[in-house]
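Notes for the one structure printed next.
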2 protein chains.
Amino acid sequence: MDRREEIILAAEKSFSMFGYKATTMDQVAKIANVGKGTIYTFFSNKEELFHSIVWKMVEEMKDISERTAIEGATFQENAHARIMQLLKFRETHQLFIKLIEEEKELRTPAVGDVLTTIEKEIVNFIAGKIDRGVAKGELKPCDSELIAYLLFKSYVALVNDWSKTHDKQLTEKQITDVLNNTIFSSLLV
Amino acid sequence: MDRREEIILAAEKSFSMFGYKATTMDQVAKIANVGKGTIYTFFSNKEELFHSIVWKMVEEMKDISERTAIEGATFQENAHARIMQLLKFRETHQLFIKLIEEEKELRTPAVGDVLTTIEKEIVNFIAGKIDRGVAKGELKPCDSELIAYLLFKSYVALVNDWSKTHDKQLTEKQITDVLNNTIFSSLLV
DNA sequence: AAATGACCGGAATACCATTCTGGTCTGTTA
DNA sequence: TAACAGACCAGAATGGTATTCCGGTCATTT
């Protein structure tokens with residue numbers, strides 16, 4: 001297999017297992033069965049390698065979310081399913097878990113940067129769906145980025161944050177009910 | 001002046017200037033012109049003293065927010081004014097600023113606990129306003145705690161978080177527009 | 001030309017001696 | 001005798017330094 005691919009696979013494995021800070025270039029080289037210098041012929045430094053891996057993950061995440069859409073479902077149903085999928089990915093995917101953990105405990109700057117980039121990408125992704133809904137005449141015209149932002153933050157608040165200060169998680173019905181009555185209802189034509 | 005009050009004033013000053021971890025009981029005693037042992041006749045330990053100060057601050061914050069309400073204004077107008085006031089207090093009040101900073105940099109557990117308690121208190125405060133609106137027939141019955149939570153989190157997202165990833169802050173009009181169309185509109189009878 | 005890994009300097013870590021701090025307690029003051 | 005003060009204690013925090021570790025380079029090998 002070509003060396004670049006070996007390196008990417010090795011880096012994926014190592015970043016997922018140990019996080020950004022704790023993976024060493026020696027480590028990656030070893031796993032990839034490659035001399036350390038070889039990595040630098042494909043990636044100019046550790047951070048570029050890291051971005052490469054993370055970007056691949058983001059694409060995969062968007063892809064999965066995309067495939068979650070159901071033919072013939074309403075905008076709200078699809079949006080709900082897609083966003084829930086994104087949140088689930090966040091707490092399921094090894095690398096993502098590790099990055100969130102590292103951000104919380106270690107405050108590694110490179111990781112913080114990457115996480116905000118990912119958030120932006122997610123919000124953009126949602127905004128794109130809204131724009132498409134508007135174009136198809138399903139939704140009222142609106143500031144799609146702002147709405148996407150509010151929507152995503154609301155989901156995170158209700159799905160993830162709520163349970164940090166309350167002992168029983170919100171049910172999916174409670175979440176869809178409140179959001180259908182508020183943000184979603186304001187979007188529909 | 002009575003010694004208990006001296007101690008509280010001293011503690012307020014010290015916590016505001018240095019945060020929780022960096023204020024020592026000796027420090028507080030010195031400022032209060034009191035022997036260290038004396039503090040322990042009024043407060044059983046450092047944390048209790050701290051809670052005392054923080055609680056006082058929370059009462060003041062609610063009080064200010066309360067007084068912001070305008071006679072004869074709509075529920076939305078008052079809610080907006082009150083919540084904006086709360087957020088402003090958060091980034092204006094010395095002690096509050098210090099605590100948020102300490103939570104971010106030092107991760108002092110006592111401070112983290114206190115901050116979540118404060119958040120709960122704020123959400124409760126908002127929920128109370130909603131309940132009153134329902135009782136007066138201005139608002140539809142609803143899960144007031146859930147709505148209060150969503151509302152507060154949305155405000156924080158739009159007022160504070162947005163500007164972390166975007167260079168121009170949202171205008172107050174953008175914020176009121178989007179929230180009037182979504183959360184507030186779902187509340188009105 | 002491509003790949004390697006010994007090597008480098010600066011950053012991170014581990015270690016331990018010293019200081020600091022929350023809380024107690026005994027002596028003192030009013 | 002009740003309120004107060006501050007010396008005192010044990011354990012936690014800190015600081016300084018000797019050592020290890022790691023990203024990145026580059027002379028050598030394939």
Side-chain angles (χ1 to χ4, degrees), chain A residues 1-54 98-99 101-114, chain B residues 1-54 98-99 101-114:
Chain A
M1 199 193 248
D2 87 287
R3 297 175 113 62
R4 187 190 155 89
E5 195 59 22
E6 294 283 18
I7 291 167
I8 288 181
L9 255 33
E12 246 167 0
K13 195 177 295 184
S14 187
F15 286 134
S16 299
M17 288 174 62
F18 309 112
Y20 178 76
K21 195 176 165 188
T23 58
T24 68
M25 293 303 260
D26 282 303
Q27 166 93 293
V28 174
K30 181 100 75 78
I31 297 176
N33 267 108
V34 141
K36 181 162 57 157
T38 308
I39 298 177
Y40 289 87
T41 64
F42 296 108
F43 302 93
S44 62
N45 53 40
K46 188 184 180 182
E47 201 156 333
E48 192 183 307
L49 174 59
F50 182 51
H51 276 101
S52 200
I53 303 301
V54 168
K98 203 71 202 173
L99 294 185
E101 183 193 318
E102 191 168 353
E103 163 68 358
K104 206 167 57 187
E105 329 272 50
L106 283 303
R107 285 277 148 85
T108 321
V111 172
D113 291 352
V114 138
Chain B
M1 195 192 253
D2 88 286
R3 299 176 110 60
R4 187 191 155 88
E5 194 60 24
E6 294 283 16
I7 292 167
I8 288 181
L9 255 33
E12 246 167 359
K13 196 177 292 185
S14 187
F15 285 133
S16 299
M17 288 174 60
F18 309 113
Y20 178 76
K21 194 175 165 189
T23 47
T24 69
M25 295 302 260
D26 281 301
Q27 167 92 290
V28 174
K30 181 101 75 76
I31 297 176
N33 268 107
V34 142
K36 182 163 57 157
T38 308
I39 298 176
Y40 288 88
T41 64
F42 296 108
F43 303 93
S44 61
N45 54 38
K46 187 183 179 182
E47 201 156 333
E48 191 183 307
L49 175 59
F50 182 51
H51 276 102
S52 201
I53 304 303
V54 168
K98 203 71 201 172
L99 295 185
E101 184 192 320
E102 191 168 353
E103 162 69 357
K104 207 167 57 184
E105 328 273 49
L106 282 305
R107 286 275 148 85
T108 322
V111 173
D113 291 353
V114 139

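Chain naming here is simple, since letters A, B, ... match the order of the sequence lines and numbering starts at 1 in each. None of these values were measured; they are calculated from a predicted model.
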| 5′-ward residue of the pair A:Lys21/A:Phe42 relative to DNA chain C | A:Phe42
| query | Of A:Val34 and B:Asn45, whose nearest nucleotide on DNA chain C comes first from the 5' end? | reply | A:Val34
| query | Got a donor-acceptor pair under 3.5 Å from the side chain of B:Lys36 to the base of C:dG23? | reply | yes
| message | Measuring only between side-chain heavy atoms, which start at C-beta, is A:Lys46 closer than 4.5 Å to A:His51? | response | no
| task | State, yes or no, whether a side-chain contact exists between A:Ile7 and A:Leu49 at a heavy-atom distance under 4.5 Å. | result | yes
Write down the distance between [atom1] ([X]) and [atom2] ([N]), rounded to a whole number of angstrom.
X       : N      : atom1 : atom2 : value
B:Phe18 : C:dT21 : CZ    : P     : 12 Å
A:Ile39 : C:dA2  : CD1   : C1'   : 15 Å
B:Asp26 : C:dT24 : CG    : C1'   : 13 Å
A:Glu6  : C:dA3  : CD    : P     : 12 Å
B:Leu49 : C:dG22 : CG    : P     : 11 Å
B:Lys46 : C:dT21 : NZ    : P     : 9 Å
B:Glu47 : C:dG23 : CD    : C1'   : 14 Å

| request: Output yes when at least one side-chain N/O atom of A:Arg3 is less than 4.0 Å from OP1 or OP2 of C:dA3, else no. | output: yes
| Between C:dT4 and A:Thr38, is there an OP1 or OP2 to side-chain N/O distance shorter than 4.0 Å? | yes
| said: Taking B:Lys98 first and then B:Glu101, would you say they form a salt bridge - that is, a charged N and a carboxylate O separated by under 4.0 Å? | reply: yes
| request: Answer yes or no: is there an ion pair linking A:Arg3 with A:Glu6, defined by an N-O contact shorter than 4.0 Å? | output: no
| query | Between B:Thr38 and B:Gly35, is there a donor-acceptor pair closer than 3.5 Å when you use the side chain of the first and the backbone of the second? | reply | yes
| remark: At a 4.0 Å cut-off to heavy atoms of chain A, the contacted part of DNA chain D spans D:dC22 to D:dT25
| said: Quick one about B:Glu48 and B:Ser44 (side-chain donor to acceptor, distance below 3.5 Å, no hydrogens or angles considered), yes or no? | reply: yes
| task | Give me the ring orientation class for A:Phe50 and A:Tyr20: parallel if the planes are under 30° apart, tilted from 30 to 60°, perpendicular past 60°. | result | tilted
| What nucleic acid atoms does B:Ser44 come within less than 4.0 Å of, heavy atoms only: base, sugar-phosphate, or nothing? | nothing
